[in-house]
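These values consider heavy atoms only, across backbone and side chains, with no hydrogens, waters or symmetry-generated copies.
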Amino acid sequence: MSLPSAHEASLLDLPQPDAAAVAQSHRLVEEILARIEQNGGTITFDQYMQMALYEPGLGYYSAATIKFGASGDFITAPEVSSLFGYCLAHQISGLMEQGCAPCIFEFGAGSGKLCQQIMTAEPDLERYLILELSAELKQRQRQYLQQHLPQDEFLKIEWLDGLPDYFDGVVLANEVLDAMPVNLIEKFDGWWQRGVTCEKQRFNWCRLPTGERLSGAIDKLESQLGQFPDGYTSEINLNIEPWFKALSQSCHQAVVLIIDYGYEQAEYYHSMRNRG
């Protein structure tokens with residue numbers, strides 16, 4: 001968990017953060033350190049990841065920094081071209097022809113480009129709902145979509161603070177699952193989860209008991225894939241099932257399109273991928 005050495009940092013060849021970014025990082029570190037102290041000296045890795053990504057005003061996804069595109073840190077398919085959005089719009093059009101309600105509910109709309117591409121290609125949509133946790137991204141989405149859509153189309157968009165109570169239509173989740181906090185697990189004379197502690201003002205790893213939920217998830221994996229060897233380390237996302245359950249309770253008649261990339265379970269947890 002410690003920071004890279006000067007030599008390691010030079011090999012990364014990363015741009016230097018400006019003074020505002022450094023100050024924000026320091027404030028986030030202080031918040032995490034305070035949480036560690038409040039929790040008796042340790043927090044679980046998923047708690048650390050939750051704060052690093054979503055701490056209000058300070059976490060990566062909730063802070064006022066540009067994240068997408070050439071001036072940001074990464075790109076997603078809608079940023080590359082409009083083809084991805086148009087392909088999805090074609091799929092949604094087919095679903096509507098089969099009786100699906102002409103409404104979309106999108107998790108985490110990013111820069112707003114996917115919404116704009118779909119609404120441009122499928123003008124028969126009646127509503128487009130967006131659930132965005134970041135206030136800064138929500139503002140960017142409003143500005144972008146107001147500039148790039150006709151007024152009558154823009155007025156179909158509604159930003160939500162939580163799941164709708166009753167939804168009919170198409171649910172979109174593009175690169176959402178990989179932004180969920182995960183638990184880190186490791187096997188050394190039994191199963192442990194990794195936690196984060198602080199020693200001499202530096203973050204460090206520690207081992208913590210797995211707890212009932214995490215132990216159950218590990219047992220389920222080993223019953224399906226066989227026993228993992230000693231020294232094996234990987235990740236488990238305990239948020240997926242509650243997320244799906246809440247989504248299913250919110251939907252009445254809906255098609256859920258989840259787009260992400262990665263390995264199937266057997267490949268992801270292969271014994272040779274013993275570092276996660």
Side-chain angles (χ1 to χ4, degrees), residues 1-5 7-9 11-12 14 25 28-29 31-55 59-61 73-74 107-108 173 175-248 258-276:
M1 287 299 300
S2 58
L3 294 173
S5 66
H7 174 67
E8 290 170 332
L11 294 177
L12 294 175
L14 296 174
S25 178
L28 178 57
V29 167
E31 290 292 326
I32 296 174
L33 291 176
R35 181 71 59 84
I36 290 174
E37 184 177 352
Q38 292 166 8
N39 207 49
T42 62
I43 56 175
T44 57
F45 178 75
D46 64 304
Q47 292 172 321
Y48 175 88
M49 186 174 175
Q50 174 72 33
M51 293 188 73
L53 295 182
Y54 300 109
E55 186 69 10
Y60 180 76
Y61 286 115
D73 298 322
F74 62 92
F107 280 95
E175 296 197 40
V176 169
L177 301 187
D178 62 358
M180 289 184 179
V182 297
N183 292 78
L184 284 184
I185 56 171
E186 55 184 6
K187 193 173 187 179
F188 286 99
D189 294 324
W191 283 103
W192 303 87
Q193 68 170 317
R194 281 192 171 184
V196 180
T197 187
C198 179
E199 297 175 359
K200 298 179 180 179
Q201 294 299 304
R202 295 174 74 89
F203 293 125
N204 276 304
W205 295 114
C206 63
R207 286 180 185 159
L208 299 170
T210 54
E212 186 176 347
R213 268 191 80 208
L214 191 53
S215 292
I218 294 170
D219 290 344
K220 184 177 179 181
L221 276 178
E222 289 197 309
S223 69
Q224 294 170 337
L225 304 174
Q227 295 291 307
F228 293 104
D230 216 45
Y232 182 85
T233 301
S234 195
E235 305 86 16
I236 289 182
N237 184 348
L238 293 180
N239 294 300
I240 291 244
E241 288 188 11
W243 184 75
F244 272 118
K245 183 177 180 180
L247 182 58
S248 67
I258 299 174
I259 303 125
D260 233 304
Y261 51 88
Y263 297 100
E264 293 185 358
Q265 179 177 272
E267 294 175 292
Y268 187 86
Y269 289 109
H270 194 282
S271 59
M272 292 185 67
R273 299 190 75 251
N274 61 1
R275 282 306 188 243

From the list T44, L184, I43, side chain to side chain contact (heavy atoms under 4.5 Å, CB included) with V196 holds only for I43
Distance (rounded to the nearest 0.5 Å) between [X] [atom1] and [Y] [atom2]:
| X | Y | atom1 | atom2 | result |
| --- | --- | --- | --- | --- |
| R213 | L238 | CZ | CG | 4.5 Å |
| F188 | D230 | CZ | CG | 6.5 Å |
| Q227 | S271 | CD | OG | 12.5 Å |
| R207 | T42 | CZ | OG1 | 14.5 Å |
| Q224 | D219 | CD | CG | 11.0 Å |
| E37 | T197 | CD | OG1 | 11.0 Å |

Nearest heavy-atom neighbours spanning [X] and [Y]:
| X | Y | result |
| --- | --- | --- |
| V176 | D260 | N-OD2, 3.5 Å |
| L28 | M51 | CD1-O, 3.6 Å |
| A173 | W243 | CB-CH2, 4.2 Å |
| N183 | D46 | ND2-OD1, 3.3 Å |

Given side chains that start at C-beta, do those of [X] and [Y] come closer than 4.5 Å, heavy atoms only?
| X | Y | value |
| --- | --- | --- |
| Y263 | Y269 | no |
| L225 | Q265 | yes |
| I36 | Y48 | no |
| E222 | W191 | yes |
| Q50 | R35 | no |
| M49 | Y54 | no |
| I218 | I185 | yes |
| Y268 | E235 | yes |

Could you tell me whether a side-chain N or O of N239 sits under 3.5 Å from a main-chain N or O of P181, the two making a donor and an acceptor? yes
Contacts of type ring-ring contact (aromatic ring centres under 6.0 Å, His included), residue Y232, not counting sequence neighbours: F228
So with a 6.0 Å cut-off around CD of E212, is the heavy-atom count from everything else above 12? no
May I ask you to check whether over 12 heavy atoms, not counting those of E267, lie within 6.0 Å of atom CD? yes
Steps toward side chain to side chain contact (heavy atoms under 4.5 Å, CB included) verdict (L208, F45): CA-CA 10 Å; L208 299 170; F45 178 75; over 6 Å; no
Verify side chain to side chain contact (heavy atoms under 4.5 Å, CB included) between F244 and I258, making sure each step is shown before the conclusion. CA-CA 11 Å; F244 272 118; I258 299 174; 3.5 Å; yes
